[in-house]
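Notes follow once the structure below has been shown.
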Amino acid sequence: MSPAVAIVGSGPAGFYITDALLRSLPGVRADIYERLPTPFGLVRGGVAPDHQGTKSVVRQFERTLAHPGVRFRGNVEVGRDVTHDELKQAYDIVVVCIGAPSDRKLGIAGEELPGVYGSGAFVGWYNGIPDFRDLEPLLDATTVVIGNGNVALDIVRILAKSPAELAASDLCQHARARLGASLLSDVYLIGRRGPAEASFTAPELRELGDLQRARIIVDANQLADEPPNRLSAEQRAGAAKNLDILRGFASRCDSSRPLRLHLLFNYAPAAVWGDDRVRGVSLQRTHNGRRVATAELMRIETDALITAIGYRSAPFGGLPFDSARAIVANDGGRVEAGVYACGWCRRGPQGVIPANRSDALAVARLIAADVTHSLHGRDKPGGMYIDRLLAQRRVETIDFSAWQRIDSAERSRAALGRPREKLTRIAELLAAARP
Ligand code: FAD
Ligand code: NAP
C-alpha cells in the first residue's frame, strides 16, 4: 500500500525529505504545504540576493515539484487555513519541516525599541518576504550588526555594497531604493567572542575584502598568531584561515573608501538606549575570547541595530516542543505516531542547505521502517480531503503551475542582468499566479 504523506514547509528540508521518500517508498503521494505563495523557504527568503549560485539548488527542487506523485500547495498555512489534526486525519504520515522562523532575542533592556531588527525580519525585508515588506529600516549614518555568524556577514555585505555591485542580484526593488538613498558612513559588526571563535567561515569573510566602497577597520592587536588550544582541530583550522584573512584586512590602508566597516570583537551588547526609537547601544567588553563580561563599556550611537544571533522554531499543531532548544521535540526525527520532523525545526537553526539532505535521508529511513509495520488496515482519504476543506474555506492555493506563472512574471519584469524582480506582496503574488 502506498502511503499518503503531507510535508509542512517547502524549504530545503521539505524538498529533500520528499525526494528521499519518493525513492524509499515506491508509489508514495506527497503534498507539500507552504504558508507563502512561493516555495523554497530560506533559499528564496534567506540566502543572500548576491549569492545566486547558491540559489541554483531550486532547479533540483523544481524537478521534485514536477514529479507526478508530488503536489505543491502554496498559500496554505497549517494552523491557519487547515489544522495539523486535519492533516493527520487525511494522511498516513505528516512531516513537519517549518524551519526556525523567529529571531532569537538578546534579552537586554531596550531591545523592543523601534529600529531594532532581528535578522529574520531584516533579511526577509531585503529578500521580499511579504511579512516584512513594510519594515522600512532607517539606514542613516551608522548601523550596528550584532553577531559573528554568516548571516551577520551577509547583512553587512549587503549594507556595504554599492548599487553597481548589486546589479546582478535579485535584491528587491524597495530595498534597492532604500539602500541606494541611505547615507551610511559606518557599519559595525560586533562579536561577543574573539576573532578565533567567530562562527563565520573563510570564503564569506574573504568577500568583505572585495567590497568596492568599504574600508575595513580591525584592530591588529586582537588578532592572535595562533587560534587558542581550547578549540578542536577542525575549529582551529577554520579559525586560522579567518585570522589570516583578518590580518590581511588590518594591514590594508585604503582610506579613500567612503564607508567604514568596523569589525569589533570581544564586545557583548549590554543595553539598547533611545526614546521613540533606538539611539544607541552600550557594549560590554568580554574577557579573553570568552563570554565573561568586564566592567569596561563602549557606547555607539546608531539609529538601526540589527541582531543576527540565530533563530528559534515555533510550537506547532500541539506537538511537544523542546523550549530549551526551541525545536519540535523529537527522537531522531520521530515526534509521535505518524508524525516526524526534519530540517531546522528538528535539529535547530544550524547548518547549510546540504546538511538538510543528510537529515532528510536519515528521517526517510526511519519513516520507511515505521511504515512497514504500521500501515496495514489504515485507509486514509489523502490530499483530496484537505482540498475539499480548503475549497470550502475559500483558500486560494498555489500549485506548481501557479508557481511557474509567478516565477515567469518575476523573471520577465527584471531589468537586464537581474535574475528576477520579486513580487513582494501577497495580493501581487496571487494575481500573478492566476492563469
Ligand atoms: P526553511 O528554509 O526555513 O523552510 C521552512 C519553510 O516552512 C518555509 O518556507 C516556511 O514558510 C514554511 N512554513 C513555516 N511554517 C509553516 C506552516 N505553519 N505552514 C506551512 N508552511 C510553513 N545555507 C547555505 O548553504 N548557503 C547560504 O548562503 C545560506 N544562507 C542563509 C542565509 C540566511 C539569512 C539564513 C537564515 C540561512 C542561510 N542558510 C544558507 C541556511 C539554510 O537556509 C538552511 O539550512 C535551510 O533553509 C533550512 O531548511 P528548512 O527547510 O529546515 O527551513
Ligand atoms: P550562527 O553561525 O550560530 O551565528 C550566530 C552568532 O550570534 C554567533 O556569533 C553567536 O555568538 C552570536 N550570538 C548569539 N547570541 C548572542 C547574544 N546574546 N549576544 C551577542 N551575540 C550572540 O548563526 P547564523 O549566522 O544565524 O547562521 C545560521 C546557519 O546558517 C549557520 O549554520 C550558517 O553557517 C548558515 N549560513 C550559511 C551561509 C553561507 O554558507 N554563505 C550564509 C548564512 C547562513 P557565540 O558564538 O558566542 O554564541
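Atoms within each ligand, like the ligands themselves, are counted from 1 in listed order.
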Arg193 N/O to ligand 2 N/O under 3.5 Å:
yes
Phe122 ring center within less than 6.0 Å of Trp125 ring center
yes
Tell me if a side-chain donor or acceptor on Glu34 pairs with a main-chain N or O of Phe72 at a distance below 3.5 Å.
no
At less than 4.0 angstrom from any non-hydrogen atom of Ser199, what atoms of ligand 2 do you find?
1 (P), 2 (O), 4 (O), 8 (C), 9 (O)
Out of Phe40, Phe15, Trp344, Tyr16, who gets a non-hydrogen atom closest to atom 52 (O) of ligand 1?
Trp344
Looking at ligand 2, does any of its N/O atoms fall within less than 3.5 Å of an N/O of Arg192?
yes
Are Val76 and ligand 1 in contact, using a heavy-atom cut-off of under 4.0 Å?
yes
Quick check on contacts: which atoms of ligand 2 are under 4.0 angstrom from a heavy atom of Leu106?
17 (C), 18 (N), 19 (N)
With only distance considered, is Asn148 within less than 3.5 Å of ligand 2 through an N or O on each side?
yes
May I ask whether Cys97 places a heavy atom under 4.0 Å from ligand 1?
yes
How about Asp31 and Tyr91: does a side-chain donor come under 3.5 Å of a side-chain acceptor?
yes
Where on Thr54 is there a heavy atom closer than 4.0 Å to ligand 2, on the side chain, on the backbone, on both, or on neither?
neither
State, yes or no, whether a side-chain contact exists between Arg393 and Val82 at a heavy-atom distance under 4.5 Å.
yes
Looking at Gly351, Gly147, Gly149, the heavy atom closest to atom 31 (C) of ligand 2 belongs to Gly351
Looking only at side chains, do Gln404 and Ser401 share a donor and an acceptor under 3.5 Å apart?
no
Which bit of Tyr311 is near ligand 2, meaning a heavy atom under 4.0 Å away: side chain, backbone, both or neither?
side chain
Pull out every atom of ligand 2 sitting under 4.0 Å from any heavy atom of Ile146, numbered as shown with elements.
20 (C)
Quick one: closest heavy-atom pair of Ala432 and Leu423, and the distance?
CB-CD1, 3.5 Å
Short N/O distance, under 3.5 Å, between His51 and ligand 2?
no
Of the side chain and backbone of Trp344, name the one, both, or neither that has a heavy atom under 4.0 Å from an atom of ligand 2.
side chain
Structural part of Val47 in contact with ligand 1, heavy atom criterion under 4.0 angstrom
both
Closest to atom 33 (C) of ligand 2 by heavy-atom distance, out of Ile155, Asn150, Thr201, is Asn150
Using a 4.0 Å heavy-atom threshold (strictly under), name the region of Asn356 that reaches ligand 1: side chain, backbone, both or neither.
side chain
For ligand 1, is there an atom lying under 4.0 Å from some heavy atom of Pro12?
yes
Any side-chain donor-acceptor pair under 3.5 Å between Thr64 and Tyr16?
no
Please answer whether the main-chain N or O of Gln235 pairs with a side-chain N or O of Ser232 as donor and acceptor at a distance below 3.5 Å.
yes
Verify whether one side chain among Arg347 and Asn356 offers a donor that lies under 3.5 Å from an acceptor in the other.
yes
Find all atoms of ligand 2 within a distance of less than 4.0 Å from any non-hydrogen atom belonging to Asp154, and give their numbers and elements.
42 (C), 43 (C)
May I ask you to identify, for Gln350, whether its side chain, its backbone, both or neither come under 4.0 Å of ligand 2 on a heavy-atom basis?
both
Would you verify whether the NZ or CZ of Arg285 falls within 45 degrees of the ring axis of Tyr267 while also being under 6.0 Å from that six-membered ring's centre?
yes
Using a 4.0 Å heavy-atom cut-off, say whether Pro349 meets ligand 2 through its side chain, its backbone, both or neither.
backbone
How many angstroms lie between CG in Leu189 and OG1 in Thr143, if you round to the nearest 0.5 Å?
12.0 Å
Say whether Thr286 and Arg192, considering side chains only, have a donor N or O and an acceptor N or O under 3.5 Å apart.
no
Any N/O of Glu204 closer than 3.5 Å to an N/O of ligand 2?
yes
Val151, any N or O under 3.5 Å of ligand 2 N or O
yes
Region of Val43 that comes within reach of ligand 1 [heavy atoms, distance under 4.0 Å]
neither
Using a heavy-atom cut-off of under 4.0 Å, does the side chain or the backbone of Ile353 touch ligand 1, or both, or neither?
both
I'd like to know if the side chain of Gln212 reaches the main chain of Glu165, judged simply by a donor and an acceptor atom lying under 3.5 Å from each other, with no hydrogens or angles considered.
no
Restricting to heavy atoms, the pick from Ala308, Gly348, Ala355 nearest atom 5 (C) of ligand 2 would be Ala308
Would you say that Asn229 contacts Arg236 through its side chain, given a criterion of any heavy-atom pair below 4.5 Å between the two side chains?
yes
Logged contact type for Val47 with ligand 2, heavy-atom cut-off 4.0 Å, is neither
